[in-house]
Amino acid sequence: MAQRCHKNLVEYIVQVITMGLIAGLVFPIASTICLSVYFLARIAYTIGYSKAPFLRFPGHLVSMTMIITLLILSIWAVSDLQHRFNSIQ
């Protein structure tokens with residue numbers, strides 16, 4: 001079971017860190033909070049999955065919510081940075 005949890009984490013980690021870095025350019029505190037909550041949720045997911053597969057849902061729900069939040073923040077950050085760049089020219 002631990003191997004499956006690890007494989008699932010590896011599938012998402014690159015996207016999560018990339019979105020966190022992009023969002024962190026404009027929203028550093030929000031990005032840090034989202035990443036911290038994401039990793040705590042992944043720990044809860046792993047513990048829940050190790051005990052019984054149906055107990056992974058709360059950790060999964062929170063981690064997916066943080067991924068969606070980071071996606072929105074990173075899109076917003078890119079838009080904000082583009083607006084700032086265009087106003088300089």
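- The closest donor-acceptor contact from the side chain of Ser74 to the backbone of Ala23 lies at 3.5 Å or more, if one exists at all.
- For the pair Gly59 and Ala44, the tightest heavy-atom approach, listed with the atom from each and the gap, is CA-CB, 4.4 Å.
- A pairwise comparison of heavy atoms in Ser31 and Gly20 identifies OG-O, 2.7 Å as the closest pair.
- Residues forming a side-chain contact (heavy atoms from CB on, under 4.5 Å) with Gln82 (at least two apart in sequence, or on another chain): Asn86.
- Taking Ala30 as the reference, Phe27, Leu73 meet the side-chain contact (heavy atoms from CB on, under 4.5 Å) condition, with sequence neighbours excluded.
- Contacts classified as ring pair (Phe, Tyr, Trp, His ring centres under 6.0 Å) and involving residues 54-75 (residues at least two apart or in different chains) are not found.
- Nearest heavy-atom pair across Ala41 and Ser63 is CB-N, 3.7 Å.
- Shown here are the side-chain contact (heavy atoms from CB on, under 4.5 Å) partners of Leu55, two or more places apart in sequence or in another chain: Lys51, Ala52.
- The side-chain contact (heavy atoms from CB on, under 4.5 Å) check on Arg56 picks up Arg4, Tyr45, Tyr49, with sequence neighbours excluded.
- The shortest distance between side-chain heavy atoms of Thr46 and His6 does not fall below 4.5 Å.
- Side-chain heavy-atom separations under 4.5 angstrom define the hydrophobic clusters, and the remaining members of the one that includes Met64 are Leu9, Tyr12, Ile13, Val14, Val16, Ile17, Met19, Leu21, Ile29, Ile33, Leu35, Val37, Tyr38, Phe39, Val62, Met66, Ile67, Leu70, Leu71, Ile75.
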